[in-house]
2 protein chains.
Amino acid sequence: MAAGAKVREMDQDDDDVISDLEQFVGYNLKRAYVIVQADFRNALGQDALAPRVFSALSLAVQFPHISQSKLARKLGIERSGLVAIVDELEGLGYLSRATVPGDRRVQALVPTEKGRRAYAEAVATVRAHEKALLADLTAAEQQTLIRLLRKIRSKGETE
Amino acid sequence: MAAGAKVREMDQDDDDVISDLEQFVGYNLKRAYVIVQADFRNALGQDALAPRVFSALSLAVQFPHISQSKLARKLGIERSGLVAIVDELEGLGYLSRATVPGDRRVQALVPTEKGRRAYAEAVATVRAHEKALLADLTAAEQQTLIRLLRKIRSKGETE
DNA sequence: TTAAACTGTTTACCTGCTAAACAATATCCT
DNA sequence: AGGATATTGTTTAGCAGGTAAACAGTTTAA
């Protein structure tokens, strides 16, 4: 399986050689990201909440009446990109766009009871799957990992 | 100006509240990945080698005469997705598709001297930028980070 | 020799974004 | 006051980076 297909008789097996790439944080980050994201997706089922929709819902539940602009900023995406996400959440009945008395430009995102329940359920599922995926890491290692990733984030999200 | 725009007078500032999201490895991974990738891109210049093209070149240089199938497998992408990447590298004159005596199906990727030089230069640049980006992490922390990311990878790349 | 498997490729598609323009609304500046 | 300036949500067009399915050519297995 891992051995090179026997297309040629003396095929030197390069599979275990450590490449340059492996020494880059960026490369390892990307590969790990792909795996964790895939795990997320089949944790919640193939066509349920996508990671970004889950994230938006999470923040909407935690910060009810947040505006779309603020939410976009928290998520690190553009306002325009958030529209489809909020559309989806509204379509699912997980939140509604409410007008704000003082400012008629902003749409306050208020989660519905259904949205809060769905989120509570999703968050438990995701947590469980992430825990299983990261079973090889001790609790301390997981905390360290998060701490180091946040350090990188704080370097880049300065504004 | 991290403070919320003064749209309303008593706008509680949610910016420093720790959200649920921050506790997920997946979320932190994604955010960090975006930052490192962006750093990579403006390390090499806006329209130079994209990360994935750099990665492919790296492996082609390190494993000359690797086949596209093997390269795709190493990169964790589909064969079909690799075609455009190899096209680009060939277009740049960084490698060529060579026929293999024993098997007329496979295209052996052989880096040119130009390709090897370009890679050597790129790798130095990327290393320098990554070092700068990760200056807040000690060398030990960087090693730990890579070790933990590889642990996640080894969990997901089992096949 | 026929069936099965593998290689590279094309094509059609999907996801998750950005950037630019826009109308509506709000705020700032004298 | 009132005009410039800014902000909010939105649409549209486009890009990057991938997948999946089908295919011809070639090789291996039965």
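Letters A, B, ... mirror the listed sequences (proteins, then strands); counts begin at 1. The shown structure was predicted, so the numbers you read here are calculated from the model rather than taken from an experiment.
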Next on the checklist: Any donor-acceptor pair under 3.5 Å linking the side-chain atoms of Tyr27(B) with those of Ser55(A)?
Outcome noted: no

Next on the checklist: Tell me the interatomic distance from Gln37(B), atom CD, to dG17(D), atom C1', rounded to whole angstroms.
Outcome noted: 9 Å

Checklist entry - When the nearest nucleotide of DNA chain D is assigned to Ser69(A) and to Lys30(A) on a heavy-atom basis, which residue is associated with the more 5' position? => result Ser69(A)

Item to check | Value in whole Å for how far the P atom of dT15(C) lies from CG of Leu49(A) | outcome: 14 Å

Next on the checklist: When you measure only distances, ignoring hydrogens and angles, does the side chain of Arg105(A) come within 3.5 Å of the base of dT7(D) through a donor and an acceptor?
Outcome noted: yes

Next on the checklist: Name the residue from Arg147(A), Lys74(A), Arg150(A) that meets the salt bridge (Lys or Arg N to Asp or Glu O under 4.0 Å) definition with Glu22(B).
Outcome noted: Arg150(A)

Checklist entry - Where the side chain of Arg52(B) is defined as all heavy atoms beyond and including C-beta, which of dT10(D), dG17(D), dT9(C) is the nearest nucleotide? => result dG17(D)

Checklist entry - Among residues 75-91 of chain B, which contact DNA chain C at a heavy-atom distance under 4.0 Å? => result Arg79(B), Ser80(B), Val83(B)

Next on the checklist: Expressed as a whole number of angstroms, how long is the span from Arg31(A):CZ to dG17(D):C1'?
Outcome noted: 14 Å

Checklist outcome for this item: Tested for side chain to side chain contact (heavy atoms under 4.5 Å, CB included) against Gln68(A), the lone hit among Arg79(A), Arg73(A), Arg97(A) is Arg97(A)

Next on the checklist: Donor-acceptor check, side chain of Ser96(A) to backbone of Ala98(A), threshold 3.5 angstrom: yes or no?
Outcome noted: no

Checklist entry - Would you say the side-chain atoms of Tyr94(A) and Thr112(A) include a donor-acceptor pair closer than 3.5 Å? => result no

Item to check | Among dT9(C), dT25(C), dT27(D), the nucleotide that comes nearest once only the side chain of Asp103(A) is considered | outcome: dT25(C)

Item to check | Ring geometry between Phe54(A) and Phe24(B) (parallel below 30°, tilted from 30 to 60°, perpendicular above 60°) | outcome: perpendicular

Next on the checklist: Nearest to the side chain of Arg97(A), heavy atoms from C-beta on, is which of dT9(C), dG17(D), dT10(D)?
Outcome noted: dT10(D)

Checklist entry - With respect to the side chain of Val106(B), which nucleotide from dT10(D), dG16(C), dT7(C) is positioned closest? => result dT7(C)

Checklist entry - Can you check the Tyr33(A) OH to dG17(D) C1' distance for me, whole Å? => result 11 Å

